[in-house]
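All heavy atoms count here, side chains included; hydrogens, waters and symmetry mates do not.
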Amino acid sequence: MAATETRVAPELDGHGFVAYTEGLTKRYPPTVTALAEVSFAVRPGEFVAVLGPSGAGKTTLFRCLTGLTRPDYGTVNVAGRDIWQSPRELRLARRELALIFQQFNLIRRLSALENVLVGRLAHVPAWRVISRSFTRADRQLALGCLDTVGLLDRAGTRADELSGGQQQRVAIARALAQHAKVILADEPVASLDPESSATVLESLRSAVSAGVAVVASLHQVHLARAYADRIVALRDGRIVEDTPASRLDAKTIEQIYERNGERTDP
Amino acid sequence: MTTAVRRAGEYTEPVVAWWSGRRLRFALIVLLLAAFYSASWQLAKVDPGRLLTGLPKMVGWAAKAWPPATDELPVLLLRTAETIAMAAIGTTAAALLALPLCVVAARNVTPSMALYYPARWFLNALRGVDSFVFALLFVAAVGLGPFAGVLGIALHTWGSTAKLWAEAIENIPPGPLEAAAATGASRVKVIAYALFPDVAPSMVSVGLFWWEFNVRASTVLGVVGAGGIGQELKNSMDLLLFPRLLTIILLILVTVTVIDHTSEWLRRKLE
């Protein structure tokens with residue numbers, strides 16, 4: 001971001017974006033280009049669904065936005081911070097951005113509640129983390145997040161004793177507990193039954209109403225239509241479509257999933 | 001894909017030629033192993049004949065050893081306790097020293113590769129020298145007695161424990177660590193909250209294994225003068241006091257069995 005630009009709010013850049021990338025490129029030699037010159041931006045209170053066939057670069061985009069993967073070229077800006085400027089900027093930017101992983105990534109031997117409290121790690125002093133004594137306020141907040149995803153009764157259950165769907169909901173509660181400005185969700189409902197999918201997307205939707213930006217990759221087009229405000233389609237590491245959800249038509253969907261004249265996904 | 005459908009029997013199978021790299025490598029390994037074992041047989045001066053002539057001597061000792069001597073049992077029990085104490089203090093000291101070093105020596109969580117390699121070299125050096133050899137050096141430095149044994153055990157176990165712990169850390173799935181780091185938590189918090197609960201059981205298991213191992217190892221540390229029951233063992237052997245020797249061997253067997261079972265039971269509890 002150029003230094004001359006004026007800022008609307010400290011966490012936004014001059015154009016009102018809470019997170020954006022510019023010219024993001026990531027190659028995995030020798031042959032794979034996961035992302036090619038991707039410029040992507042999201043505003044507060046916006047629900048963006050990312051569509052695209054497997055291998056289109058959705059996961060890489062999310063990992064780059066979180067700073068878990070370092071791009072070959074391009075910049076990532078989260079809440080007004082250039083994340084690769086310094087380790088400190090990266091850490092501060094990450095507080096404002098919560099990532100929900102495709103494989104949940106819960107700590108197996110900790111309870112659901114303790115896993116949700118991971119979302120509070122950056123906000124509490126180190127001694128509280130080491131002694132695992134969180135404040136009552138943090139514990140209550142975490143329990144509230146478990147309630148939101150419908151898992152209050154499993155708060156004391158060890159993560160590895162929960163079903164896949166329950167683990168994913170704990171992961172979402174962990175993201176909610178972070179009180180981030182952006183929530184990124186990598187296939188959040190891929191392993192869930194329709195009812196849990198609805199619970200999860202409803203809770204993401206309610207975060208959006210509270211002003212959070214949500215970016216979720218989805219495989220089911222009808223869910224994207226039902227919950228998202230905007231649809232971004234990736235194919236072979238490039239953004240091929242960026243449109244309001246209401247304008248998504250059958251022809252566009254076909255183009256997104258088309259490869260070598262052949263359909264690869266729904 | 002629009003591949004033509006073929007039936008079973010019509011597929012061409014991959015052909016492996018006899019001169020292929022894989023087969024040549026296998027033949028080479030067999031040859032090398034044969035050469036290695038024939039050389040080792042020569043170097044170790046294996047001579048079954050001498051074992052046969054020596055056996056009657058040992059049977060004679062065994063006959064003379066019965067019944068085991070019980071008059072010095074209190075002293076021998078004290079020595080046994082000394083041995084267990086040496087192992088416990090040595091292993092605990094090693095574990096405390098290993099705790100910070102295993103984090104530095106684990107590739108996935110090390111603060112910097114510039115520290116990782118020296119840490120690995122240091123641990124390998126400690127591991128490379130047996131506690132017996134360390135004890136020999138410490139007997140010369142701090143004098144006869146169990147303290148030399150404690151120091152010997154601590155140094156060797158430090159290297160071994162830290163290396164195994166570092167490997168346990170490297171084997172845990174990276175996902176939960178990434179998830180914790182992605183919230184903006186610092187490295188210390190990630191290690192304490194996301195890494196530690198995952199590796200703690202295997203770390204305790206490794207620690208118990210080394211305690212058990214060290215009880216066995218310290219029964220012989222006395223031979224170099226580092227205290228414990230081993231010292232009595234050597235004295236009895238030197239003076240050919242076979243009934244006393246038998247008592248000592250029985251004590252060692254009982255101790256080692258009890259410790260092994262306790263440790264195994266504790267480790268099973270951790271699963």
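- Counted within 6.0 Å of CZ on B:Phe196, heavy atoms from surrounding residues, nucleotides or ligands total 12 or fewer; the atom is thus considered open.
- Nearest approach of A:Ala122 to B:Ala185, heavy atoms of both residues: CB-N, 3.9 Å.
- Interface check for chain B: of the options A:Val124, A:Leu121, A:Leu117, the most heavy-atom pairs under 4.5 Å are formed by A:Leu121.
- Residue contact with chain A, scored on non-hydrogen atoms closer than 4.5 Å, involves the side chain of B:Ala192 exclusively.
- For chain B, the option among A:Thr66, A:Leu99, A:Ile100, A:Leu68 with the highest count of heavy-atom pairs below 4.5 Å is A:Leu68.
- Taking 4.5 Å as the limit, every side-chain heavy atom of A:Gln103 sits out of range of all side-chain heavy atoms of B:Pro173.
- In the displayed structure, B:Phe147 atom CZ is contacted under 6.0 Å by at most 12 heavy atoms of other residues, nucleotides or ligands.
- Checked by atom type and distance alone, the side chain of B:Tyr193 pairs as donor or acceptor with a backbone atom of A:Glu114 at under 3.5 Å.
- Within the 4.5 angstrom heavy-atom criterion, only backbone atoms of A:Leu97 (N, CA, C, O) approach chain B.
- At least one side-chain heavy atom of B:Val188 sits less than 4.5 Å from a side-chain heavy atom of A:Ile130.
- With a 4.5 angstrom heavy-atom cutoff, B:Pro174 does not touch chain A via any of its atoms.
- Contacts with chain B were tallied for A:Arg91, A:Arg95, A:Glu96; A:Arg91 has the most, counting heavy-atom pairs under 4.5 Å.
- Using a 4.0 Å cut-off between a side-chain N of Lys or Arg and a carboxylate O of Asp or Glu, B:Asp198 and A:Arg109 do not qualify as a salt bridge.
- At a 4.5 Å heavy-atom cutoff, the contact between A:Arg63 and chain B is made by side-chain atoms alone.
- For A:Arg120, no part lies under 4.5 angstrom from a heavy atom of chain B.
- Note that OG1 of B:Thr183 is 8.5 Å distant from CZ of A:Arg174, once rounded to the nearest 0.5 Å.
- Formation of a donor-acceptor pair under 3.5 Å by the B:Lys189 side chain with backbone atoms of A:Trp127 is not found in this model.
- The nearest pair of heavy atoms linking B:Ala180 to A:Val118 is CA-CG1, 3.9 Å.
- The two residues A:Leu106 and B:Pro176 make their nearest non-hydrogen contact at O-CG, 3.3 Å.
- When heavy atoms are compared at a cutoff of 4.5 Å, B:Ala181 approaches chain A by way of both its backbone and its side chain.
- With values rounded to the nearest 0.5 angstrom, A:Ile107 atom CD1 is found 9.0 Å from B:Ile172 atom CD1.
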